[in-house]
Amino acid sequence: MTTSRLEAFSDGVLAIIITIMVLDLKVPVGDSLISLKPYIPKFLSYLFSFIYVGIYWNNHHHLFHTVKKVNGKILWSNLHLLF
C-alpha cells in the first residue's frame, strides 16, 4: 500500500477531532466585548488544542514523506498514534 491512503485516513481523523473541538464552543450572550470575557479560558483552551493538533498533523505529514511503503507495523503504529 502507498502512503497516500494512510495519510488520507489520518487527515480525516484529525479533521473530525478539530470539528468535535469546535462544537464545544458556545455563542456568547451579548454584543459587547465585555460579554466575551467569560469565554476567554474556553477559547484559549481551544486555541492551544488546535495548535497542538496542527503541530501533530504537520509532523505526521512530514514523517510520511520519508516512508516509501506501508506495512502492518506502520498501520498499527499509526492507529496507536491517532488513538
Side-chain angles (χ1 to χ4, degrees):
M1 173 192 325
T2 63
T3 60
S4 62
R5 189 167 174 202
L6 186 58
E7 281 183 280
F9 172 75
S10 299
D11 287 349
V13 170
L14 293 173
I16 290 170
I17 289 170
I18 290 171
T19 303
I20 290 171
M21 287 182 350
V22 79
L23 289 176
D24 196 35
L25 295 177
K26 305 297 182 211
V27 176
V29 178
D31 56 358
S32 66
L33 288 176
I34 294 175
S35 65
L36 295 176
K37 190 174 181 180
Y39 298 96
I40 290 174
K42 189 79 125 173
F43 177 74
L44 289 175
S45 174
Y46 170 77
L47 179 67
F48 292 133
S49 298
F50 185 86
I51 290 170
Y52 180 80
V53 172
I55 290 170
Y56 179 82
W57 173 79
N58 193 10
N59 290 336
H60 188 269
H61 176 71
H62 288 293
L63 175 70
F64 273 95
H65 275 271
T66 63
V67 175
K68 302 295 180 212
K69 186 179 176 187
V70 175
N71 58 23
K73 287 181 182 180
I74 292 175
L75 285 173
W76 282 106
S77 297
N78 190 59
L79 283 174
H80 286 179
L81 285 172
L82 291 174
F83 180 73

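Considering every non-hydrogen atom in both V67 and T3, the closest pair reads O-CG2, 3.4 Å. When every heavy atom of S35 is checked against every heavy atom of P28, the shortest pair comes out as O-CB, 4.4 Å. Here the shortest heavy-atom pairing between L82 and Y56 reads N-OH, 3.8 Å.
Within the structure, side-chain hydrogen bond (donor to acceptor under 3.5 Å, both in side chains) contacts touching residues 62-83 (residues at least two apart or in different chains) are S10-N78, N58-H62, H60-N78, H61-H65.
In this structure, L79 is not a member of the same hydrophobic cluster as L6, with clusters built from ILVMFWY side-chain heavy atoms closer than 4.5 Å. Following chains of ILVMFWY side-chain contacts shorter than 4.5 Å, one cannot reach V22 starting from L36, and the two form parts of different hydrophobic clusters. W57 is connected to Y46 through a chain of hydrophobic side-chain contacts under 4.5 Å among Ile, Leu, Val, Met, Phe, Trp and Tyr, so both are in one cluster. Linking ILVMFWY residues whenever their side-chain heavy atoms come closer than 4.5 Å, directly or via other members, places L81 and V53 in the same cluster.
Shown are V29, V27, L25; of these, the side-chain contact (heavy atoms from CB on, under 4.5 Å) with Y39 is made only by V29.
Note that the CG atom of L44 and the OG atom of S49 stand 10.5 Å from one another [nearest 0.5 Å]. Going from atom CD1 of I18 over to atom CG of L23 covers 12.0 Å, rounded to the nearest 0.5 Å. Taking CG of D11 as the start and CZ of F64 as the end, the distance is 10.5 Å to the nearest 0.5 Å. Distance check, rounded to the nearest 0.5 Å: NZ of K26 to CZ of F43 gives 16.0 Å. Taking CZ from F50 and CD1 from I55, the interatomic distance works out to 11.0 Å, rounded to the nearest 0.5 Å.
F9 has its side chain out of reach of L75: every pair of non-hydrogen atoms, C-beta onward, lies at least 4.5 Å apart.
In this structure, L47 places its CG atom where more than 12 heavy-atom neighbours from other residues, nucleotides or ligands lie under 6.0 Å away. Annotation: L33, atom CG; neighbour count of heavy atoms from other residues, nucleotides and ligands within 6.0 Å does not exceed 12.
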